[in-house]
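Remember, it's a predicted structure, so these values are computed and weren't measured experimentally. Excluded from the calculations below are hydrogen atoms, water molecules and symmetry mates; all remaining heavy atoms, backbone and side chain alike, are included. Quick note on labels: first sequence line is chain A, next is B, and so on, each numbered from 1.
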Amino acid sequence: MARVILPSGETREAQGITFLELIHQGNAAAVLFNGKLLDLREPVPEEGEARVLTTADPEALEVLRHTAAHILAHAVTRLFPGTKLAIGPAIADGFYYDFLFSEPISHEDLARIEEEMKKIVEQNIPLERVWIPRAEAERLLRERSEVYKLELLSEIPGEEISFYRQGEFLDLCRGPHLPSTGLVQHFKLLDLAGAYWRGDPTRDMLTRIYGTAFATEEELEKFLRWREEARRRDHRALGPQLDLFSIQNDMVGAGLVLWHPRGARIRRIIEDFWVAEHYKAGYQLVYTPHIGRSRLWQTSGHLDFYRESMYAPIVIEGQEFFLKPMNCPFHIAIYKTKTRSYRELPLRYCELGTVYRFERSGVLHGLLRVRGFTQDDAHIICRPDQVEEEIRGVLRFALYILRSFGFAEFTAYLSTRPEKFIGDVADWDRATEALRKAVEGEGLAYQVKTGEGAFYGPKIDIEVQDSLKRPWQLTTIQFDFNLPERFDMTFVGPDGRPHRPYMIHRALLGSLERFFGILVEHYGGAFPVWLAPVQVVVLPVSEAEIPYAEKVAGELLEQGIRAEAWTKEGKTLRWLVREAQLQKIPYILVCGPREAAEGKVALRLRTGEDQGPKPLDEVVLRIRQAVCARTTGL
RNA sequence: GCCGGCGUAGCUCAGCGGCAGAGCAGCCGCUUCGUAAGCGGCGGGUCAGAGGUUCGAAUCCUCUCGCCGGCUCCA
């Protein structure tokens with residue numbers, strides 16, 4: 001006898017019947033048993049505890065979406081007979097289904113398909129699970145020339161194959177599914193894109209239709225609003241709008257960023273902060289060139305293993321030079337300029353080093369994926385006995401920096417030794433342990449990615465969540481057992497003999513370009529006061545107050561505040577206020593005859609709030625406080 | 001790279017076989033203004049590029065270039 005918990009909270013004991021027969025709940029969706037989702041058509045298990053989920057349960061969402069994917073496929077086969085089906089899973093934000101259409105379809109077709117899906121939902125067609133013997137299944141799929149399904153079938157073990165039928169639509173599927181199409185009420189098709197069969201570029205290009213589905217209309221609408229918000233915050237739109245940067249493909253080159261004055265201003269603030277904090281944390285800043293001889297890259301191994309991501313060589317005086325894709329070989333070269341004693345370690349070299357990597361044109365994306373970018377790089381060279389403390393220090397430092405930029409939620413990923421690796425197992429274990437202790441010591445939530453480390457060492461990656469809850473991988477802390485070997489790095493130990501140091505690569509922000517793009521989206525262009533390229537704009541009410549406005553701006557500049565007086569525009573105050581708001585400038589100081597007479601300024605915040613006349617000193621103090629605290633508030 | 005979509009003024013877009021358009025931005029005037037667009041005028045284009053179809057192409061066809069979405073969520 002198993003215990004079955006019904007959605008109402010009631011408990012039933014049952015045996016020998018299916019869940020569906022046991023309950024009458026209209027919106028029952030699936031069953032949770034031993035952490036696994038079961039179909040309601042399954043028989044109640046012999047013993048244990050099973051919980052019946054309704055469409056409103058978050059655990060049932062993937063079942064709901066999976067069924068939505070089937071409804072999509074059903075609609076497509078009705079409208080486009082002969083379309084071949086591939087796969088249609090539920091994903092993080094919804095679902096998709098991959099098809100091979102006999103002719104291309106476009107966005108306009110999505111509306112038609114959606115209409116057809118609505119009909120299928122209205123018809124409230126029951127989904128039935130059918131078990132078909134392998135030979136029969138194969139014949140069935142062959143008959144319909146479902147080549148992709150046949151391929152999938154060949155990989156499924158067992159002699160009885162699970163299919164789902166909804167009306168005239170039949171699909172190879174392991175389930176589980178909702179009992180009936182009528183339960184999928186709130187869905188929308190979103191996008192159309194190409195996708196390779198099984199993600200393999202050598203195989204067929206299919207058409208993927210993305211959609212999403214939710215238990216309630218409110219959730220669906222909330223999701224659609226979220227999507228709209230993400231679209232509005234797109235750094236590629238905000239960048240030009242706020243005059244922060246541009247990427248000029250035709251003239252300058254794909255993936256190469258031009259930082260305009262306001263973007264450069266922000267970058268400079270980030271860099272200054274970064275450098276100051278690194279000095280405080282015991283790092284030493286270095287500068288290294290953009291190109292280096294082929295010998296360097298030969299020694300580092302980049303020419304053997306990384307060449308397809310490097311720019312072609314530049315030949316000067318018969319010597320080949322390569323644009324650097326990484327900074328590490330240069331830092332190692334600095335290390336090797338003299339014999340190092342164990343007393344000197346750890347050495348921490350940091351650099352905002354601009355590197356160039358070839359990326360396929362199709363993957364370039366605004367600032368987030370570029371070909372020339374500045375890593376906030378550092379290499380820590382230390383003794384084996386220092387590893388644990390060093391890692392702990394880096395992690396703590398990383399979190400401090402990320403928090404300073406307004407990120408509060410982090411997830412860490414610990415990637416361990418892969419099958420193919422270099423170095424010895426004892427070093428790997430020691431390093432991996434150090435990484436693990438550090439994340440645990442900092443109380444960070446983390447996941448282990450077994451075997452996902454690079455061939456040269458284990459690593460920790462830190463993912464942050466932005467204001468829209470989107471994850472971004474920023475920090476990476478990576479051991480390297482390869483380069484110290486290749487460059488024969490040594491230090492002299494207390495025993496007077498040479499020893500091999502440990503080397504750790506780390507980047508906190510990743511690259512300045514990408515980080516900046518993420519910041520733009522995180523803040524939606526409304527940067528906190530300490531980062532805002534222009535912190536204050538001073539607006540004269542009319543021509544008579546121009547001298548006063550300029551004097552106010554001058555005093556603010558004098559106090560180290562980034563201020564501008566807009567006195568040359570010849571526009572109305574209304575126009576200037578609107579412009580300042582659109583530029584998302586934190587503080588707007590309006591100067592009219594009253595303020596000029598009393599030596600005050602009328603303070604308006606970028607939120608639109610009018611705070612009335614204030615003495616300038618008070619405003620200065622307020623801005624200073626906002627800068628020191630690095631808050632997002634004004 | 002591949003699949004689909006899209007390239008028209010600095011920006012956002014309309015026009016989709018018959019004279020290349022609008023709004024914003026820019027320039028020139030007038031207006032001197034109290035918290036999200038004052039008024040008028042002017043300039044601005046190889047309609048991404050090349051080839052083709054046609055009496056006639058921004059519009060239809062082919063190729064090239066560029067941009068956007070996606071190509072690691074596995075019946």
**Prompt:** With both distances under 3.5 Å as the test, what is the Watson-Crick or G-U wobble partner of B:rC71?
**Reply:** B:rG1

**Request:** Please measure how far the P atom in B:rA14 lies from the corresponding atom in B:rA50, and state the result in whole Å.
**Result:** 24 Å

**Message:** If I pick the P atom on B:rU64 and the same atom on B:rU46, what distance separates them, to the nearest angstrom?
**Reply:** 24 Å

**Asked** Taking atom P in both B:rC60 and B:rG26, what distance in whole Å separates the two?
**Response** 35 Å

**Fill in**
Partner of B:rU32 under the Watson-Crick or G-U wobble criteria, both distances under 3.5 Å, comes out as none

**Prompt:** For the ring pair A:W131 and A:F163, is the centre-to-centre distance below 6.0 Å?
**Reply:** no

**Fill in**
Re B:rA57: Watson-Crick or G-U wobble partner, both distances kept under 3.5 Å, found to be none

**Asked** Does a nitrogen or oxygen in the side chain of A:H365 sit under 4.0 Å from OP1 or OP2 of B:rG70?
**Response** no

**Item:** Nearest-Å distance for atom pair CZ/P, residues A:R203 and B:rC74
**Value:** 17 Å

Return the polar atom pairs (N/O with N/O) between nucleotides 46-48 of chain B and the protein under 3.5 Å, or none.
none

**Request:** Give the rounded distance in Å between these two atoms: CG of A:L61 and P of B:rC73.
**Result:** 19 Å

**Request:** Please confirm whether any donor atom in the side chain of A:Y96 sits under 3.5 Å from an acceptor in the base of B:rG70, or the reverse.
**Result:** no

**Prompt:** Between A:R236 (CZ) and B:rU12 (P), how many Å, whole number?
**Reply:** 13 Å

**Asked** Could you state the CG-P distance from A:L100 to B:rG4, rounded to the nearest angstrom?
**Response** 11 Å

**Request:** Using atom OH of A:Y196 as one end and atom C1' of B:rC74 as the other, report the distance to the nearest whole Å.
**Result:** 18 Å

**Prompt:** Who is the Watson-Crick or G-U wobble partner of B:rG26, with both distances under 3.5 Å?
**Reply:** B:rC42

**Message:** What's A:A193 touching, base or sugar-phosphate or nothing? Going by heavy atoms closer than 4.0 Å.
**Reply:** base

**Any donor-acceptor pair under 3.5 Å from A:K84 side chain to A:V147 backbone** = no

**Request:** Check for a donor-acceptor pair, side chain of A:Q478 on one end and backbone N or O of A:I460 on the other, with a separation under 3.5 Å.
**Result:** no

**Request:** With C1' as the reference atom in both, quote the distance from B:rA25 to B:rC19 in angstrom, rounded to an integer.
**Result:** 27 Å

**Request:** Answer yes if the ring centres of A:Y446 and A:Y413 are under 6.0 angstrom apart, and no otherwise.
**Result:** no

**Request:** Using the P atom as the reference point in each nucleotide, state the distance between B:rG52 and B:rU59 in Å, no decimals.
**Result:** 14 Å

**Item:** Strand partner of B:rG21, provided both Watson-Crick or wobble distances fall under 3.5 Å
**Value:** B:rC13

**Message:** Check whether A:T212 reaches the backbone of A:D93 with its side chain - one donor and one acceptor, N or O, closer than 3.5 Å.
**Reply:** yes

**Item:** Base partner of B:rA48, which must satisfy Watson-Crick or wobble distances under 3.5 Å
**Value:** B:rU64

**Prompt:** Can we call the ring centroids of A:F99 and A:Y97 under 6.0 Å apart?
**Reply:** yes

**Request:** Compare the minimum distances between each of B:rG69, B:rC74, B:rC2 and the side chain of A:R198, then state the nucleotide with the smallest one.
**Result:** B:rC74

**Item:** Between B:rG4 (P) and A:L206 (CG): distance, integer Å
**Value:** 12 Å

**Request:** Answer with yes or no after comparing the ring centroid distance for A:H177 and A:Y164 against a 6.0 Å cut-off, counting only values under it.
**Result:** yes

**Prompt:** Distance between the P atoms of B:rG56 and B:rC71, in whole angstroms?
**Reply:** 46 Å

**Message:** Cation-pi check for A:F214 against A:R65: NZ or CZ below 6.0 Å from the six-membered ring centre and within 45 degrees of the axis, yes or no?
**Reply:** yes

**Request:** Would you confirm whether the ring centroid of A:F80 sits within less than 6.0 angstrom of the ring centroid of A:F101?
**Result:** yes

Taking only distance into account, with no hydrogens and no angle test, what donor-acceptor pairs under 3.5 Å do side-chain atoms of residues 582-601 of chain A form with protein atoms, sequence neighbours excluded?
| residue | atom | partner | partner atom | Å |
| --- | --- | --- | --- | --- |
| A:Q583 | OE1 | A:R262 | NH1 | 2.7 |
| A:E595 | OE1 | A:G592 | N | 3.0 |

**Request:** Would you check if the distance from the ring center of A:H74 to the ring center of A:H70 is below 6.0 Å?
**Result:** no

**Prompt:** Just how far, in rounded Å, is C1' of B:rU72 from NZ of A:K449?
**Reply:** 10 Å

**Request:** Would you mind classifying the nucleic acid contact of A:Y210 as base, sugar-phosphate or nothing, using non-hydrogen atoms under 4.0 angstrom?
**Result:** sugar-phosphate

**Asked** Tell me, for nucleotides 29-42 of chain B in 5' to 3' order, what letter each nucleotide earns: B for a base near a protein heavy atom under 4.0 Å, S for only sugar-phosphate near one, - for neither?
**Response** ---BBBBBBB----

**Request:** Rounded to the nearest angstrom, tell me the gap between atom CZ in A:R231 and atom P in B:rU12.
**Result:** 12 Å

**Message:** Would you measure the distance from the C1' atom in B:rC13 across to the matching atom in B:rC6 and give it in whole Å?
**Reply:** 13 Å

**Request:** Could you measure between the two C1' atoms, the one in B:rG43 and the one in B:rG29, and give it in whole Å?
**Result:** 14 Å

